Amino acid sequence: MTMSPMTLAALLLLFGVVGVSSDASDHRYKPDKVVPLYANKVGPYHNPSETYRYFDLPFCSPEPVKDKLEALGEVLNGDRLVDAPYKLDFRVDHESASVCKKHLAKEEVAKFRSAVAKEYYFQMYYDDLPVWGFIGKVEKDFRTEPSEYKYFLYRHIMFEIYYNNDRVIEITAHTDTNSMVDITEDKEIDVEFMYSAKWKETVTPFEKRMEKYSQTSSLPQHLEIHWFSIINSCVTVLLLTGFLATILMRVLKNDFVKYTHDEETGDDQEETGWKYVHGDVFRFPKNKSLLAACLGSGTQLFALTIFVFALALVGVFYPYNRGALFTALVVIYALTSGIAGYTATSFYCQMEGSNWVRNLLLTGFLFCGPLFLTFCFLNTVAIAYNATAALPFGTILVIVLIWALVTSPLLVLGGIAGRNSKTEFQAPCRTTKYPREIPPLPWYRRTIPQMAMAGFLPFSAIYIELYYIFASVWGHRIYTIYSILSVVFIILLIVTAFITVAMTYFQLAAEDHEWWWRALLCGGSTGLFVYAYCFYYYYARSDMSGFMQTSFFFGYMACICYGFFLMLGSVGFRASLFFVRHIYRSIKCE
């Protein structure tokens, strides 16, 4: 059963995890009416995963502090919204209004100074519009020693709010550099926190108020780089795949002519090349249960990616739709688990496997198992840091219930359907009783060098776009050009399929008939290149630091690249299986 993007979006909305776009809700206010302002989190600007609750720093806090009820995705995203101490009534100006007067002890001054030194920023939401700014600044003034730096805390936030009739359109926050407190020394100080609010009218319609945030990734200079990325990918793909296709088709044509001529003339000379192994090419591989599980998990992740792209293209993931992507991933993964069960079990049974229940369990834990172990470690680290990335027990329970009540039953149902499909493996050639011995191969025809060659070409087609994706996921850049990303993804699939087919042909031509695992490994090797790119990005293109951020970056990227490996591995294997069946169907096998 297939689902259209709109049907899936409606289903996600039913689960209450995608949320309704602010463009679709009312958001109308009368003068003097309170507009909700929530303080979200604070954290080092260069460490996006290391965020803390807003009132973990000794700001003025309302009594009592009220937490906003959040959806699953907001919690997964590390959002912890609470009522902010600022009162921004609709179309009511304030000039240097006092929030509170606070006496800061030495420990609180030291906490603020440490935050300023790490370039902490704050994030708030006003009528679902994001507001952010820095909490202070460091004055270096050509000083070389950090002990000589001056640290200042901003105590006056100036809000500038734009409205159109009875709706809020835009909000910005500025800090008053003329109203700062020196917190360089460890001493008690008295601070009066203040805020100002200035309302201005605008003609921007309410329906377009979120375009400001998506335009940053659509600026001409960025679009030029994106289009250059696509053109570079297309040219690379056309040249290299065209070159390989020409060689492959010419060689195959010569092979077909030679084999046909030998059959017509009755020449009894010994067969060579890929026809020589026709009696072994469809011999089922070792560890076929694991191979089937990889194909099942990879196919599920491929379906997950397609659905996420579909939702992105219909506009579900608009900027600052808090947690929409995370919840979509959780729900779609749960709903597509039946695909994994059906694909793995049916293919396992085609390969004459007997213990399909064990194969189903292996499929269920192949991707979720490493992800769960990684999550346990990283969640423990987040708890130790008291960061918002630490999921509360209630959220973990919800995810466990989704896995137990949705993912597992659908996986089992898919497995039963695959077991009962009674589909036989389509092999054009009969497999001999005893396998042929594989001749000695040069080093460059072994698995690891072949994986390196197979993974480089697909990676070269996407590496330019990877920077923008990393800067969005592990930074503060907004990525909204999903159409370009979809084109790059299609190019990636085409290149992966083609290069894996080429590697499979060269392997069979060398009379190496154990192509099953090699096809999957070569197809998925791009994931290893992406993980290698992680090291380059971390040390050369980002300013991330600290144990927690490093753990989160390399831990979760390992899971993502592992999923990438399974997905592209299944694509490469399917392409190779189709190719192998085609060429052996085209000759007469005795």
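For clarity, every value in this text was computed on a predicted model and none was experimentally measured. Computed from heavy atoms alone, side chains included, the values below leave out hydrogens, waters and symmetry copies. Nothing fancy with the numbering, it's 1 onward along the sequence.
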Which heavy-atom pair separates [X] from [Y] by the least distance, and what is that distance?
X      : Y      : value
Val406 : Ala334 : CG1-CB, 3.8 Å
Leu291 : Pro285 : CD2-CG, 3.6 Å
Leu405 : Pro409 : O-CG, 3.4 Å
Gly73  : Phe326 : O-CB, 4.5 Å
Leu411 : Gly364 : CD2-CA, 3.5 Å
Thr345 : Gly418 : CG2-C, 4.3 Å

Taking the six-membered ring for Trp, are [X] and [Y] ring centroids under 6.0 Å apart?
X      : Y      : answer
Tyr537 : Phe470 : yes
Tyr463 : Tyr467 : no
Phe554 : Phe535 : yes

So does [Y] get a backbone contact from the side chain of [X], meaning a donor-acceptor N/O pair under 3.5 Å?
X      : Y      : answer
Tyr348 : Asn355 : yes
Glu511 : Pro439 : no
Ser460 : Leu457 : yes
Asn287 : Leu290 : no
Gln450 : Thr447 : no
Asn359 : Ser289 : yes
Arg445 : Phe506 : yes
Asp280 : Thr431 : no
Asn47  : Ser49  : no
Ser570 : Leu295 : no

Hey, does [Y] have a side-chain heavy atom less than 4.5 Å from the side chain of [X]?
X      : Y      : answer
Ile478 : Ser472 : no
Met503 : Ser576 : no
Leu566 : Leu520 : no
Thr550 : Ser545 : no
Ser525 : Phe456 : no
Leu492 : Leu568 : yes
Ile469 : Ile462 : no
Tyr479 : Val473 : no

Do the side-chain N and O atoms of [X] and [Y] include a donor-acceptor pair separated by under 3.5 angstrom?
X      : Y      : result
Thr432 : Arg283 : yes
Ser346 : Ser421 : no
Arg436 : Tyr276 : yes
Thr504 : Arg518 : no

Aromatic ring pairing [X]/[Y], orientation class (parallel under 30°, perpendicular over 60°, tilted between):
X      : Y      : answer
Trp515 : Phe573 : parallel
Trp474 : Phe553 : perpendicular
Phe547 : Tyr385 : parallel
Tyr505 : Phe579 : perpendicular

message = Does the Lys NZ or Arg CZ of Arg541 fall within the cation-pi geometry relative to Tyr468 - under 6.0 Å from the ring centre and within 45° of the axis?
response = no
Is atom [atom1] of [X] surrounded by more than 12 heavy atoms (other residues, nucleotides or ligands) closer than 6.0 Å?
X      : atom1 : answer
Trp517 : CH2   : yes
Phe284 : CZ    : yes
Tyr482 : OH    : yes
Phe425 : CZ    : yes
Leu441 : CG    : yes

task = Step by step, work out the side-chain contact (heavy atoms from CB on, under 4.5 Å) result for Glu514 and Ile438.
result = CA-CA 9 Å; Glu514 296 180 348; Ile438 299 173; 3.6 Å; yes
inquiry  = Run the ring pair (Phe, Tyr, Trp, His ring centres under 6.0 Å) test on Phe489 and Phe309 for me, step by step, so that the C-alpha distance in whole Å, both residues' side-chain angles and the decisive distance to 0.1 Å come before the verdict.
reply    = CA-CA 10 Å; Phe489 180 68; Phe309 269 116; 5.1 Å; yes
task = Report the residue from Leu362, Leu366, Thr299 that forms a side chain to side chain contact (heavy atoms under 4.5 Å, CB included) with Cys294.
result = Leu366
request  = Using the side chain to side chain contact (heavy atoms under 4.5 Å, CB included) rule, pick out the option among Ile402, Thr395, Leu401 that qualifies with Val398.
outcome  = Ile402
request  = First locate atom CG of Leu311, then atom CD1 of Ile332, and finally report the distance between them rounded to the nearest 0.5 Å.
outcome  = 5.0 Å
message = Does Phe552 form a side-chain contact (heavy atoms from CB on, under 4.5 Å) with Met557? I'd like the steps, not just the answer.
response = CA-CA 8 Å; Phe552 267 69; Met557 282 309 303; over 6 Å; no
key: Steps toward side-chain contact (heavy atoms from CB on, under 4.5 Å) verdict (Asp512, Leu508)   = CA-CA 5 Å; Asp512 181 359; Leu508 294 177; over 6 Å; no
key: Check against ring pair (Phe, Tyr, Trp, His ring centres under 6.0 Å), Phe375 and Trp403   = CA-CA 15 Å; Phe375 163 76; Trp403 182 83; over 10 Å; no
task = Test Tyr533 against every option in Tyr531, Tyr536, Phe529 by the ring pair (Phe, Tyr, Trp, His ring centres under 6.0 Å) rule and name the one that passes.
result = Tyr536
